[in-house]
Amino acid sequence: MADDFEKLLTQPTISVVEAGRVLGCGTNAAYKAREAGDIPSIKVGGQYRVPTARLRELLGLPPHSSFPGAASIAA
């Protein structure tokens, strides 16, 4: 799960499954939440991706990874 948080802080998008793990829910629940609009997503090619800035905003984190500790997590 630490890898999921690292991706949340350093990547522009993550998978729906990774977003679900960050939010503490399983794969099926994550996809249902995406379909319901509770997890923001965009379709890239044939797969749905979750913009990390929007997910960080939902979690009450800064929309950019420019806060203390982000660099050390990404390193």
Side-chain angles (χ1 to χ4, degrees):
M1 177 143 55
D3 290 339
D4 298 325
F5 282 107
E6 180 179 338
K7 288 179 182 179
L8 175 67
L9 298 175
T10 61
Q11 302 296 316
T13 64
I14 59 176
S15 72
V16 174
V17 173
E18 290 165 335
R21 285 195 299 251
V22 167
L23 295 168
C25 62
T27 301
N28 290 338
Y31 278 104
K32 286 180 182 177
R34 189 214 55 82
E35 289 174 16
D38 296 329
I39 294 178
S41 66
I42 56 174
K43 193 168 186 178
V44 180
Q47 82 177 287
Y48 287 97
R49 302 290 295 173
V50 177
T52 54
R54 302 233 356 244
L55 186 56
R56 287 192 298 262
E57 185 180 320
L58 284 173
L59 294 170
L61 299 172
H64 304 290
S65 58
S66 60
F67 53 90
S72 62
I73 291 172

Worked verdict on Asp38 versus Leu58 for side-chain contact (heavy atoms from CB on, under 4.5 Å): CA-CA 10 Å; Asp38 296 329; Leu58 284 173; over 6 Å; no
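- No path of Ile, Leu, Val, Met, Phe, Trp and Tyr side chains, each step under 4.5 Å between heavy atoms, connects Ile42 with Tyr48, placing them in separate hydrophobic clusters.
- With rounding to the nearest 0.5 angstrom, the CD1 atom of Ile14 is 12.0 Å from the CG atom of Asp3.
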CA sep, side-chain torsions, deciding dist, call: Arg56, Leu8, side-chain contact (heavy atoms from CB on, under 4.5 Å): CA-CA 7 Å; Arg56 287 192 298 262; Leu8 175 67; 3.8 Å; yes
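- Between the side chain of Arg54 and the backbone N or O of Pro40, no donor-acceptor pair lies under 3.5 Å.
- Cluster annotation: Leu59 and Ile39 are assigned to the same hydrophobic cluster (Ile/Leu/Val/Met/Phe/Trp/Tyr, side-chain heavy-atom contacts under 4.5 Å, transitive).
- The distance from the CZ atom of Phe5 to the CG atom of Leu61 is 9.0 Å, given to the nearest 0.5 Å.
- Between Leu55 atom CG and Thr13 atom OG1 the span is 11.0 Å, to the nearest 0.5 Å.
- Atom CZ of Arg34 and atom OG of Ser15 lie 12.0 Å apart (nearest 0.5 Å).
- If you take CD on Gln11 and CD on Glu18, they are separated by 8.5 Å, rounding to the nearest 0.5 Å.
- A donor-acceptor contact shorter than 3.5 Å is absent between the side chain of Ser41 and the backbone of Val50.
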